[in-house]
2 protein chains.
Amino acid sequence: MVENPSLRAPTGSEIADWVRDRIRAGRFVPGQRLVEVDIIRQTGASRSKVREALQRLEGEGLVQIEEFRGASVKNASLEEVRQIYRARVALEGICAGDFARQATPEQKERLCAVQDALDRCVEDRAPERFGRLNVEWHRLIVEGSGNSVIADLLQRLNVPIHRLLFESFYDDERLRTANADHQNMVKLLLAGDADASEQAMRRHIEDGFVTLSKIESEFYR
Amino acid sequence: MVENPSLRAPTGSEIADWVRDRIRAGRFVPGQRLVEVDIIRQTGASRSKVREALQRLEGEGLVQIEEFRGASVKNASLEEVRQIYRARVALEGICAGDFARQATPEQKERLCAVQDALDRCVEDRAPERFGRLNVEWHRLIVEGSGNSVIADLLQRLNVPIHRLLFESFYDDERLRTANADHQNMVKLLLAGDADASEQAMRRHIEDGFVTLSKIESEFYR
DNA sequence: CCGGACAATATTGTCAACAATATTGTGATC
DNA sequence: GATCACAATATTGTTGACAATATTGTCCGG
């Protein structure tokens with residue numbers, strides 16, 4: 001494998017991870033066909049392992065498989081992105097509330113650290129770094145809610161929109177308003193105000209989708 | 001295949017459906033090992049298809065696969081059930097709100113019909129039928145929210161707790177209070193009161209988990 | 001009777017060959 | 001040049017055989 005030139009042949013789930021990461025990174029774009037032989041060449045895995053990995057990814061909803069036409073990266077329409085954001089509103093909202101109720105001091109500490117780093121990104125106008133830390137910020141809140149089932153669901157939901165999550169922050173105004181949301185929410189979360197935290201998170205994610213759909217409509221114009 | 005004695009060999013996703021249905025129905029219980037040869041014998045599928053189906057089910061989170069020990073039905077602990085219910089609270093709550101906002105007259109009509117049938121079940125003390133219609137009642141609300149992504153998520157979340165959803169209603173008091181919730185919620189949904197609908201749904205599902213955990217703790221006593 | 005060592009069996013993992021289908025290339029005809 | 005039919009190639013689907021590992025059965029000593 002290019003990334004893993006060890007002698008040991010990669011396992012099935014490693015192939016799935018490899019493909020999943022590439023989809024996340026935008027190396028495989030929606031609609032692109034995933035030809036088995038290509039994956040074999042690049043990973044060194046056997047064909048049956050590649051096939052099983054693709055089946056698993058279809059189970060995860062990342063890929064679609066058609067008879068005799070193989071696997072291709074599933075294309076998320078704007079409507080599907082809207083539905084994903086609606087699910088995020090519900091799930092991350094409740095996680096914010098649960099974080100406020102029950103996060104440990106260590107978890108709160110880590111959130112503050114990431115928030116400080118985000119603030120520096122705004123000063124330095126570093127949108128890429130902001131995007132990465134933003135993902136981490138949201139992940140920490142879910143982790144602090146103590147619900148790994150929801151964490152898994154969100155992990156999956158985020159893959160098709162992973163690149164979109166970064167697009168928004170190249171607009172400086174959006175970056176600033178998003179970070180203002182973050183700062184406000186951190187206050188509420190640390191104060192343990194569950195209801196206000198949940199409401200703030202829901203609005204924050206809804207705003208994110210509005211920004212995104214503006215970018216998308218420009219793109220298609 | 002026993003259920004499908006046609007000449008055509010079943011496809012990969014049909015095998016996945018077959019196993020998934022059996023897990024839902026309780027024919028395959030948590031922890032049970034899913035031996036490839038047995039599934040081949042019962043379905044007539046080839047081995048590679050069975051293996052791919054099991055991989056897909058692992059992707060869906062229904063099954064776990066261990067090296068050289070194969071697939072087994074994933075066991076949901078009480079803690080995991082709690083987390084699933086928390087996710088349901090978030091997702092079905094938001095769906096209730098969206099149903100109140102935008103369900104079509106036909107969708108409202110169908111919900112009323114199911115509610116009438118549920119009422120008759122309470123009079124007739126028919127808990128099994130109530131359980132089936134209850135699943136349909138919840139499904140209709142999600143459908144009326146117009147969010148198929150959330151519908152898929154809930155479909156998956158419900159599999160590990162499918163049997164539990166029926167257990168509660170053998171207690172006559174729980175059946176009556178649950179149906180009172182339903183009646184109240186139908187009023188709110190038809191009136192288009194999104195916020196009240198969401199709150200009512202959240203309380204309803206939370207109550208369901210409380211009842212369930214009482215049953216479980218009795219079971220383990 | 002119990003427990004461990006070893007053999008026998010069962011089950012899963014891997015690979016390669018072949019069949020079925022889709023995709024691409026080529027040439028003839030208009 | 002455009003379009004259709006047909007061949008050539010590429011890609012996926014299926015099957016079977018064999019290797020690796022786990023599970024079960026058996027025997028023996030204590």
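Computed over heavy atoms, backbone and side chain alike; hydrogens, waters and symmetry mates excluded. Chain A is the first sequence line, chain B the second, and so forth, proteins listed ahead of strands; every chain is numbered from 1.
With hydrogens and angles ignored, a donor-acceptor pair closer than 3.5 Å exists between the side chain of Arg47(B) and the base of dG13(C).
For the residue pair Gln155(B)/Arg20(B), the side-chain donor-acceptor check at 3.5 Å is not satisfied. Side-chain N/O atoms of Asn75(B) and Gln64(B) include no donor and acceptor closer than 3.5 Å.
Residue Gly70(A) is the one, among Phe68(B) and Gly70(A), whose nearest nucleotide of DNA chain D lies closer to the 5' end (criterion: closest heavy atom).
The CD-P distance, from Gln55(A) to dT12(D), rounds to 13 Å in whole Å. Following rounding to the nearest Å, Glu67(A) (CD) and dT23(C) (C1') show an atom-to-atom distance of 16 Å. Taking atom CD on Glu36(A) and atom C1' on dA22(C), their separation rounds to 13 Å, with Å as the unit. Atom P of nucleotide dT15(D) and atom CD of Glu52(B) are separated by 11 Å, given to the nearest angstrom. As rounded to whole Å, 13 Å separates atom P of dT11(D) from atom CG of Leu34(A). If you measure from atom CZ of Arg51(B) to atom P of dT15(D), you get 15 Å, rounded to the nearest angstrom. Glu14(A) places its CD atom 15 Å from the C1' atom of dG13(C), with the value rounded to the nearest Å. Look at CG on Asp38(A): it is 11 Å from C1' on dA10(D), rounded to the nearest Å.
Close to dT14(C), at under 4.0 Å from its OP1 or OP2, lies a side-chain N or O of Lys49(A). Here Arg33(A) reaches the OP1 or OP2 of dT23(C): one of its side-chain N or O atoms lies under 4.0 Å away. Between Ser46(A) and the phosphate of dC15(C), there is a side-chain N or O to OP1/OP2 separation shorter than 4.0 Å.
The aromatic rings of Phe130(B) and His182(B) sit parallel to each other, their planes meeting at less than 30°, with 60° as the upper class boundary. The aromatic rings of Trp18(A) and Phe28(A) sit perpendicular, their planes meeting at an angle over 60°, well past the 30° parallel limit.
As judged by a 4.0 angstrom heavy-atom cut-off over every strand, Ile40(B) is placed among residues making no nucleic acid contact.
Using a 4.5 Å cut-off on side-chain heavy atoms (C-beta onward), Leu54(A) and Glu52(B) make no contact.
Listed nucleotides dC15(C), dT12(D), dA22(C) differ in distance to Arg69(A); the shortest reach to its side chain belongs to dA22(C).
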